[in-house]
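Report on the structure given below.
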Amino acid sequence: NLFFMSKIVDTIIDEIIDQYMYADETNRPWIIGFSGGKDSTVMLQLVWKAIEQIKQLTGIVKRDIIVVCNDTMVENPIITEYVNRVLNDIRKAAVEQDMPIQVVQTIPRLEDSFWVNLIGRGYPAPNNAFRWCTERLKIRPTARHLIEKIDQFGEAVILIGTRTAESAQRAKSMKKHEIKGKRLSKHPTQPNTHMYAPIRSLSLEEVWYLINTMDSPWGSDNSELFQIYSDASADDYECPTVVTSKEHKSCGQSRFGCWVCTVVKKDKSMTALIENGLTWLTPLLKVRNELVDERNLIENRLPQRRNGTDAINGMGTYTSKYRASVLKRVLAAQHTIQKTKPHLELITNQELVAIQTIWYRDLIFDYKVSEIYKEAYNLNLDMKDQNEKREKEVELLKKSCNDSEKDFNLIQDLLTLQKNKSLLNRKRGLKDDIENRIEEFLKKDK
């Protein structure tokens, strides 16, 4: 009922105003974790409304609000496109309305990206036992920004769109870190940081009711978000009962994440999107499903881990052949979807350079990123070594080796190792890599 929901909204806004103005006497910034999904959207809308009322009442605002959105670089493209449009709307509206709100987008460092680790280093696709992706793709980029703000202001408060009604586990986690009698809870890992969950008491139906009835204060169209969830709803999801018109079909509880996610057995949201007409996503789902199916095939794995120790059941990192196979399929999928979405990248050129760097460091010389790229695109990929200087180096090296192909190849490999160590700004281990390459050369020479 409209009256009841209006009271709920007023209560949350009043609490946000009190926390912003009176309960917390410091000026430490509020950092809003914004994914563009339903919960973070509702939370930001209510905070925005609260700030509007504060400006009307006092004429001033005393603390900054930073909207932080992390892009893992392997997000579902539908969400990425939508979120980028919303963030642009937020930036523009914040300036026009003179709101103390700024937008920051974070991404993983090159060495932490998904493809650099899976195709480059040969890490097996993540699962519940080896979930290496979350730390690298999500936690580290946001934590780096958070640390910068703490260094600047001494403390910070993170606003999160979590709700106790989401699950018993989520409710238990929120209770574990709460401070008795306080709205703020302790951050589980970051010192001098607290968390605040303004919409913790909302149910799923109430969240969707607000999405469908509350105008976006930054001018975005919330019906687009509703449609995305609707298209991504799998048949076995419970759907909210509160809608505002007969045109609203079921929208479910679809959860969006990385399109490459292999932690879940089946990507229900991607499958539903394709079944609802977004067929251009099919190559992505195919690559993702193959990563799941091929993860535990012994022929795809080396017997050792990256540190050289024996792996359990001989299931270490991916073989060079399999790494090259995955890269070939990712580039083929990218080439296919770019016929529909020319601007969309599944893997960046910087990642391709980094992958080649790591392959050289792993003594993989049988496969070349540039050759795999050319096979997919029929174009040459500039790997930053195809220039006149490089050609002169090769010519001089051949003369110095008296045209000995074996010696030339060895020195080429050693020079490549050194140069690519410099590219990733990690020279640690260069000595061991060079020694390993020389030992390999001597064994073959025998």
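Note that this is a predicted model, so its numbers are computed, not measured.
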Taking everything shown except Leu379 itself, do over 12 heavy atoms lie less than 6.0 Å from its CG? yes
Report yes if the side chains of Ile32 and Val68 come closer than 4.5 Å at any heavy-atom pair, otherwise no. no
Here the gap from Leu327 atom CG to Ile372 atom CD1, rounded to the nearest 0.5 Å, amounts to 4.5 Å
Heavy-atom side-chain contact between Ile160 and Ile158 under 4.5 Å: yes
If you count heavy atoms of other groups shown closer than 6.0 angstrom to CZ of Arg306, is the number above 12? yes
Look only at the side chain of Lys38 and the backbone of Val207, and say whether a donor-acceptor pair between them is shorter than 3.5 Å. no
Checking Val74 now: which residues fulfil side-chain contact (heavy atoms from CB on, under 4.5 Å) with it, not counting sequence neighbours? Thr72, Phe114, Trp115, Leu137, Cys258, Trp259, Val260
So does Glu25 have more than 12 non-hydrogen atoms from other groups sitting under 6.0 Å from CD? no
Shortest non-hydrogen contact from Ser220 to Asp89? OG-OD2, 2.8 Å
Going by atom types only, do Ser269 and Asp267 share a side-chain donor-acceptor pair under 3.5 Å? yes
With side chain to side chain contact (heavy atoms under 4.5 Å, CB included) as the test, would you mind laying out the steps for Trp48 and Gln97 before giving the verdict? CA-CA 11 Å; Trp48 196 295; Gln97 299 177 32; 3.0 Å; yes
What pair of heavy atoms forms the shortest contact from Gln334 to Leu346, and how long is it? OE1-N, 2.7 Å
Would you please say whether a donor-acceptor pair under 3.5 Å links the side chains of Gln356 and Tyr367? no
Could you go step by step and tell me if Thr106 and Arg144 meet the side chain to side chain contact (heavy atoms under 4.5 Å, CB included) rule? CA-CA 9 Å; Thr106 60; Arg144 280 195 296 271; over 6 Å; no
Do we see a donor-acceptor contact under 3.5 Å between the side chains of Arg329 and Ser325? yes
Any luck finding a side-chain donor-acceptor pair between Glu294 and Tyr322 under 3.5 Å? yes
For a salt bridge (Lys or Arg N to Asp or Glu O under 4.0 Å) check, start with the C-alpha distance between Arg323 and Asp362, then their side-chain angles and the critical distance, and finish with the verdict. CA-CA 12 Å; Arg323 298 186 213 180; Asp362 286 355; 3.0 Å; yes
When rounded to the nearest 0.5 Å, the distance separating OH of Tyr123 from CG of Leu118 is 11.0 Å
Within the supplied structure, the quantity of interest is the number of heavy atoms (other residues, nucleotides, ligands) at a distance under 6.0 Å from Asn307 CG; does it exceed 12? yes
Is there a side-chain contact between Lys374 and Glu371 (heavy atoms, below 4.5 Å)? no
Tell me if the NZ atom of Lys92 is crowded by more than 12 foreign heavy atoms within 6.0 Å. no
Between Asn212 and Trp208, is there a donor-acceptor pair closer than 3.5 Å when you use the side chain of the first and the backbone of the second? yes
Output for pair (Thr262 OG1, Arg131 CZ), nearest 0.5 Å, gives 9.5 Å
Do Arg91 and Val86 have side chains that approach each other closer than 4.5 Å (heavy atoms only, starting at C-beta)? no
If you round to the nearest 0.5 Å, how far is OG1 of Thr317 from CZ of Arg305? 10.5 Å
Please list every donor-acceptor pair under 3.5 Å in which a side-chain atom of residues 280-289 meets a protein atom from a residue at least two apart or in another chain.
{"residue": "Thr282", "atom": "OG1", "partner": "Thr279", "partner atom": "O", "Å": "2.7"}
{"residue": "Lys286", "atom": "NZ", "partner": "Glu290", "partner atom": "OE2", "Å": "2.6"}
{"residue": "Arg288", "atom": "NE", "partner": "Cys261", "partner atom": "O", "Å": "2.8"}
{"residue": "Arg288", "atom": "NH1", "partner": "Lys265", "partner atom": "O", "Å": "3.4"}
{"residue": "Arg288", "atom": "NH2", "partner": "Cys261", "partner atom": "O", "Å": "3.2"}
{"residue": "Arg288", "atom": "NH2", "partner": "Val264", "partner atom": "O", "Å": "2.5"}
{"residue": "Arg288", "atom": "NH2", "partner": "Lys265", "partner atom": "O", "Å": "3.4"}
{"residue": "Asn289", "atom": "ND2", "partner": "Leu285", "partner atom": "O", "Å": "3.4"}

Indicate yes or no: does Lys149 engage Asp64 in a salt bridge with an N to O separation below 4.0 Å. no
Just by modelled atom types, is the Lys138 backbone N or O under 3.5 Å from a matching donor or acceptor in the Thr142 side chain? yes
Is there a side-chain hydrogen bond (donor to acceptor under 3.5 Å, both in side chains) between Arg85 and Asn88? Walk through the geometry before answering. CA-CA 5 Å; Arg85 290 196 298 272; Asn88 286 333; over 6 Å; no
Between Arg136 (side chain) and Cys133 (backbone), is there a donor-acceptor pair under 3.5 Å? no
Please say whether more than 12 non-hydrogen atoms of neighbouring residues, nucleotides or ligands are located less than 6.0 Å from NZ in Lys328. no
Note, Ile60 side chain near Lys55 side chain (heavy atom, < 4.5 Å): no
Report yes or no: do Gln45 and Asn222 form a side-chain donor-acceptor pair below 3.5 Å? yes
So Arg163 and Ile199, do their side chains get closer than 4.5 Å, heavy atoms only? yes
Calculate, to the nearest 0.5 Å, the distance between atoms CD1 and CZ belonging to Ile211 and Phe226 respectively. 10.0 Å
Do you know which two heavy atoms are closest between Glu206 and Ile8, and how far apart they sit? OE2-CD1, 3.3 Å
Any idea how Tyr20 and Trp30 line up, ring-wise: parallel (<30°), tilted (30 to 60°), or perpendicular (>60°)? perpendicular
Does a salt bridge link Arg28 with Asp24, judged by any charged N lying under 4.0 Å from a carboxylate O? yes
Heavy-atom closest contact (Ala376 atom, Leu331 atom, distance): CB-CB, 3.8 Å
Polar side-chain atom of Arg140 near backbone of Pro108 as donor-acceptor pair, under 3.5 Å: no
Between Arg301 (side chain) and Arg295 (backbone), is there a donor-acceptor pair under 3.5 Å? yes
d(Ile337 CD1, Glu345 CD) to nearest 0.5 Å is 10.0 Å
State, with a plain yes or no, whether a side-chain heavy atom of Tyr318 is found less than 4.5 Å away from one of Pro124. yes
Among all residues two or more places apart in sequence or in another chain, which pass the salt bridge (Lys or Arg N to Asp or Glu O under 4.0 Å) test with Glu351? none
If you compare all heavy atoms of Ile16 against all heavy atoms of Ala50, which two are closest, and at what distance to 0.1 Å? CG2-CB, 3.6 Å
Indicate whether any N or O donor in one side chain lies under 3.5 Å from an N or O acceptor in the other, for Glu81 and His343. yes
Parallel, tilted or perpendicular: ring planes of His335 versus Tyr377, cut at 30 and 60 degrees: tilted
Run Val9 and Ile13 through side chain to side chain contact (heavy atoms under 4.5 Å, CB included) and show every step you take. CA-CA 6 Å; Val9 169; Ile13 290 176; 3.7 Å; yes
Using side-chain heavy atoms (C-beta onward) and a distance below 4.5 Å, is Met195 in contact with Lys186? no
Show your working on side chain to side chain contact (heavy atoms under 4.5 Å, CB included) between Thr193 and Glu155 and close with a plain yes or no. CA-CA 6 Å; Thr193 309; Glu155 290 183 309; over 6 Å; no
Side chain Ser40, main chain Gly161, donor-acceptor under 3.5 Å: no
Taking all non-hydrogen atoms of both residues, which atom of Asn128 and which atom of Val263 are closest, and how far apart? OD1-CG1, 3.2 Å
